[in-house]
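Report on one structure; see the data block that follows.
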Amino acid sequence: PHLRFMPRKRIPAGAFLMGSGKSAAEIARLFASQAEYYDDEHPQHRVKITKPFYLQTTEVTQGQWSAVMGTTPWKGEDYVKEGADYAATYVSWDDAVAYCRKLSAKDGRKYRLPTEAEWEYACRAGTKTMYGFGDSAARLSDHAWYDKNAWDIDEKYAHRVGQKKPNAFGLYDMHGNVYEWCQDRYGEDYYKTS
């Protein structure tokens, strides 16, 4: 694969407030069924990204995964729609790291997963709001595949990438569609100690 196959954007160095500025009660009200996912994003704190980095503009697609790895981990699994432009699913963290290594060997460049700080910085794209496009969930359908415009209307699968509006850095699907892996490990107290 060449970089045309893996479209990427240069993310500039900079500083941002990492974590949620909302209280646990506000998060529970906004995301009732998903509050546990946001409860450990406190306290909000300043993080400096000291070097620019590159990030693929979309989630890794089934076509990209198959071309690099020669496998289809989503095949035969529940909640899957297949196609070259659909986000790859049923990929473990170890699988994602192996993908980066294999892609690095094929392309001659070093690829890795972003750190959690890099990912959030890229997602926020210079904003200080709850989402990379503002604080209102009313515009979420313009930017993300999520319960209301996918699961709740019986589209219970990861969708084609790049179909919603990008953020200010030109990155797609930073909210919704599928979860993304980060390089660093998860820690419940990460926001208190980082």
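Note that the structure is predicted; figures quoted are calculated from it, not measured.
Proximity of a side-chain donor or acceptor of Asp85 to a complementary backbone N or O of Val161 within less than 3.5 Å is not detected. Asp184 places a side-chain N or O within 3.5 Å of a backbone atom of Glu116 that can act as its donor or acceptor partner. Here the side chain of Glu118 pairs no donor or acceptor atom with the backbone of Ile49 at under 3.5 angstrom. Remark: the backbone N or O of Phe133 is paired with a side-chain donor or acceptor of Arg139 at under 3.5 angstrom. Checked by atom type and distance alone, the side chain of Asp147 never pairs as donor or acceptor with a backbone atom of Trp151 at under 3.5 Å. With hydrogens and angles ignored, the 3.5 Å screen pairs a side-chain donor or acceptor of Thr127 with a backbone N or O of Arg124. A donor-acceptor contact shorter than 3.5 Å links the side chain of Trp181 to the backbone of Val91. Side-chain atoms of Thr72 do not come within 3.5 Å of backbone N or O of Trp74 as any donor-acceptor pair. The closest donor-acceptor contact from the side chain of Asp107 to the backbone of Arg109 lies at 3.5 Å or more, if one exists at all.
Among all heavy-atom pairs drawn from Leu55 and Met174, the shortest one is CD2-CE, 4.4 Å. Closest approach of Ala87 and Gln62 over heavy atoms only: O-NE2, 3.7 Å. Across all their heavy atoms, Tyr111 and Cys100 have their closest contact at O-CB, 3.5 Å. Heavy atoms only, all atoms of each residue included: Trp93 and Gln183 are closest at CZ2-O, 3.5 Å. His175 and Ala144 get closest at one heavy-atom pair: O-CB, 2.9 Å. Heavy-atom minimum distance, Asp142 versus Lys164: O-CB, 3.5 Å.
Once rounded to the nearest 0.5 Å, the distance linking OH of Tyr172 with NZ of Lys9 reads 7.5 Å. Interatomic distance, His143 NE2 to Asn149 CG, rounded to the nearest 0.5 Å: 12.0 Å. Taking CG from Leu103 and CZ from Arg112, the interatomic distance works out to 13.5 Å, rounded to the nearest 0.5 Å. Going from atom OG1 of Thr61 over to atom CD of Gln56 covers 7.0 Å, rounded to the nearest 0.5 Å. Thr58 OG1 to Gln64 CD: the interatomic distance, rounded to the nearest 0.5 Å, is 5.5 Å. In this structure, OH on Tyr79 lies 8.0 Å from OH on Tyr90, to the nearest 0.5 angstrom.
Not counting sequence neighbours, the partners of Phe16 by the ring-ring contact (aromatic ring centres under 6.0 Å, His included) test are Tyr121.
Under the 4.5 Å side-chain heavy-atom criterion for ILVMFWY residues, no single connected hydrophobic cluster contains both Leu113 and Trp119. Linking Ile, Leu, Val, Met, Phe, Trp and Tyr residues whenever their side-chain heavy atoms come within less than 4.5 Å leaves Tyr54 and Val68 in two separate clusters. Put simply, Tyr86 and Trp65 are part of two different groups of oily side chains (I, L, V, M, F, W, Y) that touch within less than 4.5 Å, one to the next. In terms of hydrophobic clustering, with Ile, Leu, Val, Met, Phe, Trp and Tyr side chains grouped at heavy-atom distances under 4.5 Å, Leu171 and Trp145 are assigned to different clusters.
Evaluation of the side-chain hydrogen bond (donor to acceptor under 3.5 Å, both in side chains) test over residues 153-163, restricted to residues two or more places apart or in two chains, returns Glu155-His159.
Using a 4.5 Å heavy-atom cutoff, the side chains of Asn177 and Glu180 are not in contact. Tyr146 is listed as a side-chain neighbour of Ser141, based on a closest heavy-atom distance under 4.5 Å.
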